Chemist: 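Pasting in a structure now, in structure tokens, and then I'll have a few things to ask.
Since the model is a prediction, treat every value here as computed from it, not as a measurement. Convention: sequence-line order gives letters A, B, ...; per-chain numbering from 1.
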Amino acid sequence: MSVFRIARHELRQAWRAGTLAALGILVTLLLIGAGLAGRAQHARDQAQRARFQDLVKEQWNAQPDRHPHRVSHYGYLVFRPRAPLAFFDRGYEPYAGTALFLEAHRQNTANFSDAAQDSSTRRFGDLTMAMVLQMLVPLLIFAVAGVSVSREREADTLALLLSQAASWRSFLWGKLCGSLLLVACLVGPGVLLVGAWIGAEAVDQGTSDVMLRALLLTVSYALYLATCAGIAVLVSSWHSTSRGALVTLLGMWLVLWVVVPRVLPAVATMLYPLPSRASFEAEVERRVRTLGDSHNPDDPTFAKLKAQALADHAVTRIEDLPFNYNGLVMTESEKMTAAAYGEYMAGLVGIYQRQGTVVALAGFLSPYVAIRTVSGALAGVDLPHIIEFERQAEEYRYALIQHLNQLHTNEVALALDRYIGVDEHGAPTRQRIPQRFWQSTPAVAFTTPTVAWALARQPLGIAAVVCWLLLASIGIAARTRPAF
Amino acid sequence: MVARRIARLELQQLWRSPAVTAGIVLLSAACLFAVYYGATVIDAQRFAILESHALQAEQHRATLASQPPTANAGDQLFYLFFHTVHEPSEWAPIALGQRDVQPFNLKIRLLALQGQIYDSDTGNPLLFAFGNFDLAFVMVYIVPLFIVALTHNVWSSERELGTWNLIQSQPTSALSVLMVKLAVRVVVVLAPMLLVLALAASIFDLPAERRLFAVVVLTVLYVAVWTALSLIVMAWRKSSDFNLLVLLGVWLVWCVLGPALVNALAATRFPTPEELELTVRQRQGYHEAWDRPLRETMNGFYERYPEWRDVPVPGDRYSNAWYYAMQQRGDDEARPIVESYHATLEQRSRWVQAALSLSPPALLHAALTGVARTDLDSHLAYLASVADYHESLKRFFFPPIFAEAPIQDVQWGHAPRHWFRDDRPVGLLGGRPGLTFAGVAVVLAGAGAVAMWIVRRRERW
């Protein structure tokens, strides 16, 4: 009997039992529901953030004549754009901040994470298409394919089959193919739908990178679900009763899909604890304090800078310098504080990344964690993407503030760089410079990293997914040798 | 007498099964680890709180010492951070809830409040997304699976093994045999839970009051819910495999799908664009003031603080009175949005609670985080207390600010301090979610009893 006939038999049996159709419809409905909810939320958030980002830009351009340092405290607000495929997999986005205030002298962190504003039910997780595929579909595969071999053994049809020309080898491969076909029937309609949807979305957004991400997502999920089917057939072949096979698979699902992912944060935090925000910021502030006070032009730390500037221009008083010395102090001090923040932030990000490595390594323990890592990277919602957003925001902040400090140095006269009276509106003020300067500042623009960049940052996750696939294949190949 | 013997036999049988003993050991280990992990998280927070007192003292000292004592005190207030404390309740380690993602140790300056209270503490979103392994998790997720594993085949396995006919031929009522077997199995799961709770109560010094009572009752009710469910499924008189699959299906819907669906719907139904809007408004409201007449800004300020109307503020130069009045303008501009923001959050939380009636496990979780004071309600109460504190700081520092007093004239040590602990009285069974849960539990238990009654009549026991 050929592999093909055994596979067909498997499929037919499942079809007759009626469970396949019922579960297939259930999965498809869940995928559609999760997709619709995700899509609506995604579009709304995206529009909201874009609207407020535009408003911030308008307000920036509409600023009246102002003193440049005033403007660097006015700063800029950025809202983290949602990743293009976040409607498929929300990943870690709900737990990352949304709004980030960029200002002089300090690096803020993004605030208003979705999760922090929610009741504790949030921790039960989100219903997304990714969640359905990562968590529920494997469970269904286990339930359906887990009995494939053991059932034949239980019904004593196995011996019959094997005596009738079918080799144990072709029987097992046939069961695997049958199970893969089962999986295809189970999730096929849903996956096609999701694929078409993501594809349409990608075409809409018009970038080949998003399309490539969508394609790779489809491939990874296909491999993942095939792995699950392989595991199910393998476990089934080890057991003499369907009940035994089912119990083993359900237990495995419970441990690897439910318990291990929850234990992970505990392990990662115990291995690599984070400093509290208060102590982290105190640390940075201690360092910054040693750098001197830029708001005080007579600060001793800046004496060297002053001597250098005076010597360079062969003058004896800062009033004789061809530029505004206060602006120079601001520029210098921003450079120093940014470096201090950068150093400590790098330390913090280092801890995040080490914790991330613990999670990625756990992918070798749990296929669920493995696919989650890869899916997050491909959807653009994993830790590296979140860190990259903050990096780009800081890059923009630094350039913006230094640009304003440049204006401070070159456009504001030292003599007028103090409160000189009241402006035409009746507000006490220092010298103001014309608003055209704000209008010519480049607006913030974030670039989503490419898929190659994303994958290069999750080598362990990819290795884990591949490893599980190989493990299941080798397991089945090894299992085909001895009969029974 | 007979019942006791059956119970002892059943217990012996369970004890001899390696799977059962291993399971109970694992469950106990999971509970202990969960308690330990919860304690480490909350201890780290307590430590951070303790440390923050020292950090504040250090920062104030360093800032003030860098200036001559005659320097303007108001100028220094720009730099000074005041730490606030949301002290965790004794119960927090049991149900961590949102305690890890919500800030508990915000530090604020005298500047506009709305730009300062939505910062999160340091934390890795990657880890948050996986959820916490606390006792509430073990109770809500894992315990039902043990109950299902132990009870789904109480009757069916006897039938499948052919021993049921034997039992029926005995003089003892078959129903009572079944019930004793079931009771033994339930106790086997419940006992470690209650032991761990007792242990936790002694470790964390939990007072024997309403909350302890609530948690114990909720635990027992939760076990009752799953046992009742098992009875209902049992009444169909199907195979063990069928019972197992149905019960696991219910678990999946109640513990995984249902709450996730509620979350998705809540997020769709109650968007909060206010969070972005209030941020934009606060920033704009404050910074615009720099370009507006000083008098206008001051008049806005006097509407809230009329007692300062008669104190002169220089009109032709910078002064801190004007500066903090401008900051006040930022908060005033954001106020209506802040109110609607908080109203939306509360509305959403209420809606979620109502929707959870469909998922007893999520309801139990909400009740436990309510008892532990680690939910959104407590966080919002903390934020409100931070706002009050900000107000009291302003009132404390306005006199030196308006008087342009030197550093040496300010009683820095007398500045108000913040400390918040959610001491609102705990309702019966932890309040609404607990009561709703109890209601659902009673209904299910009733349904279980009815199912058994029907079986009894049908089987003529």
Chemist: So what's closer than 4.5 Å to chain A heavy atoms on B:Phe33: side chain, backbone, both or neither?
Modeler: side chain
Chemist: Working to the nearest 0.5 Å, report the span between CG of A:Leu55 and CZ of B:Arg281.
Modeler: 10.0 Å
Chemist: Output yes when a side-chain donor or acceptor of A:Arg123 lies under 3.5 Å from a complementary backbone atom of B:Gly97, and no otherwise.
Modeler: yes
Chemist: Which atoms form the tightest heavy-atom contact between B:Phe130 and A:Pro265, and what is the distance?
Modeler: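 Shortest heavy-atom separation between B:Phe130 and A:Pro265 comes out as CB-CG, 3.6 Å.
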Chemist: Are A:Leu254 and B:Leu145 side-chain neighbours, meaning at least one heavy-atom pair lies under 4.5 Å?
Modeler: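 The answer is yes, as the side chains (C-beta and beyond) meet within the 4.5 Å cut-off.
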Chemist: Given that the side chain runs from C-beta out, which part of A:Asp118 has a heavy atom under 4.5 Å from chain B: side chain, backbone, both or neither?
Modeler: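 Both backbone and side chain of A:Asp118 come within 4.5 Å of chain B.
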Chemist: First locate atom CG of B:Leu126, then atom CG of A:Asp382, and finally report the distance between them rounded to the nearest 0.5 Å.
Modeler: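 Answer rounded to 0.5 Å: 8.5 Å.
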Chemist: Once you round to the nearest 0.5 Å, how far does CD of B:Glu58 lie from CZ of A:Arg289?
Modeler: 5.5 Å
Chemist: Using non-hydrogen atoms and a 4.5 Å limit, figure out which bit of A:Ala34 sits close to chain B: side chain, backbone, both or neither.
Modeler: neither
Chemist: Let me confirm one number: the CG-CG distance from A:Asp65 to B:Asp291, rounded to the nearest 0.5 Å.
Modeler: 9.0 Å
Chemist: What's the spacing between B:Leu127 CG and A:Arg262 CZ if we round to 0.5 Å?
Modeler: 12.5 Å
Chemist: I want to check a possible cation-pi pair here: B:Arg283 against A:Tyr74, using under 6.0 Å from ring centre and within 45° of the ring axis as the test.
Modeler: yes
Chemist: I need the minimum non-hydrogen distance between B:Val352 and A:Ser119, along with the two atoms involved.
Modeler: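 In terms of heavy atoms, the two residues are closest at CG1-OG, 3.9 Å.
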Chemist: Does the B:Gln98 side chain pair with the main chain of A:Ala115, one donor and one acceptor, at a distance under 3.5 Å?
Modeler: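 Yes, B:Gln98 side chain to A:Ala115 backbone: donor-acceptor pair under 3.5 Å.
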Chemist: A:Thr429 versus chain B, heavy atoms under 4.5 Å apart: side chain, backbone, both or neither?
Modeler: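 For A:Thr429, no heavy atom lies under 4.5 Å from chain B.
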Chemist: Under 3.5 Å, side chain of A:Arg44 to main-chain N/O of B:Thr268, donor-acceptor pair present?
Modeler: yes
Chemist: Do the side chains of B:Leu376 and A:Ser120 get nearer than 4.5 Å, heavy atoms only?
Modeler: no
Chemist: Do the side chain of B:Arg317 and the main chain of A:Tyr419 share a donor and acceptor less than 3.5 angstrom apart?
Modeler: no
Chemist: Could you tell me which portion of A:Arg372 (side chain, backbone, both or neither) has an atom closer than 4.5 angstrom to a non-hydrogen atom of chain B?
Modeler: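 It is the side chain, since no backbone atom gets that close.
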Chemist: Could you check whether A:Phe101 and B:Tyr118 have their ring centres less than 6.0 Å apart?
Modeler: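 So the answer is no for these two rings.
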Chemist: Quick one: sort the A:Phe112 and B:Tyr341 rings into parallel, tilted or perpendicular, breaks at 30° and 60°.
Modeler: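 Perpendicular: the ring planes of A:Phe112 and B:Tyr341 meet at over 60°.
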Chemist: Under 4.5 Å heavy-atom distance to chain A, tell me which part of B:Leu380 shows up: side chain, backbone, both or neither.
Modeler: neither
Chemist: Below 4.5 Å from any heavy atom of chain A, which atoms of B:Gln56 appear? Answer side chain, backbone, both or neither.
Modeler: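 No part of it gets close to chain A.
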Chemist: Is A:Pro94 in contact with chain B via its backbone, its side chain, both, or neither, using a 4.5 Å heavy-atom distance?
Modeler: neither
Chemist: Do B:Asn263 and A:Asp126 have a side chain donor and acceptor closer than 3.5 Å?
Modeler: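 No pair is found: no donor N or O on one side chain lies under 3.5 Å from an acceptor on the other.
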Chemist: Using the six-membered ring of B:Phe104, assess whether NZ or CZ of A:Arg277 lies under 6.0 Å from its centre and within 45 degrees of the ring axis.
Modeler: no
Chemist: Contact part of A:Arg39 toward chain B, heavy-atom cut-off under 4.5 Å: side chain, backbone, both or neither?
Modeler: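 It is neither, since no heavy atom gets under 4.5 Å.
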Chemist: Measure A:Tyr92 against the heavy atoms of chain B and call it side chain, backbone, both or neither at under 4.5 Å.
Modeler: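 Its backbone and side chain both get close to chain B.
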Chemist: Between A:Gln117 (side chain) and B:Leu345 (backbone), is there a donor-acceptor pair under 3.5 Å?
Modeler: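 No.
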Chemist: Keeping A:Tyr352 on the side-chain end and B:Gly123 on the backbone end, is there a donor-acceptor pair under 3.5 Å?
Modeler: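 Yes; judged by distance alone, with no hydrogens or angles, the pair exists.
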Chemist: Under a 4.5 Å heavy-atom cut-off, does chain B meet the side chain of A:Leu383, its backbone, both or neither?
Modeler: side chain
Chemist: In terms of heavy-atom contacts, does CZ of B:Phe242 have more than 12 from other residues, nucleotides or ligands at under 6.0 Å?
Modeler: yes
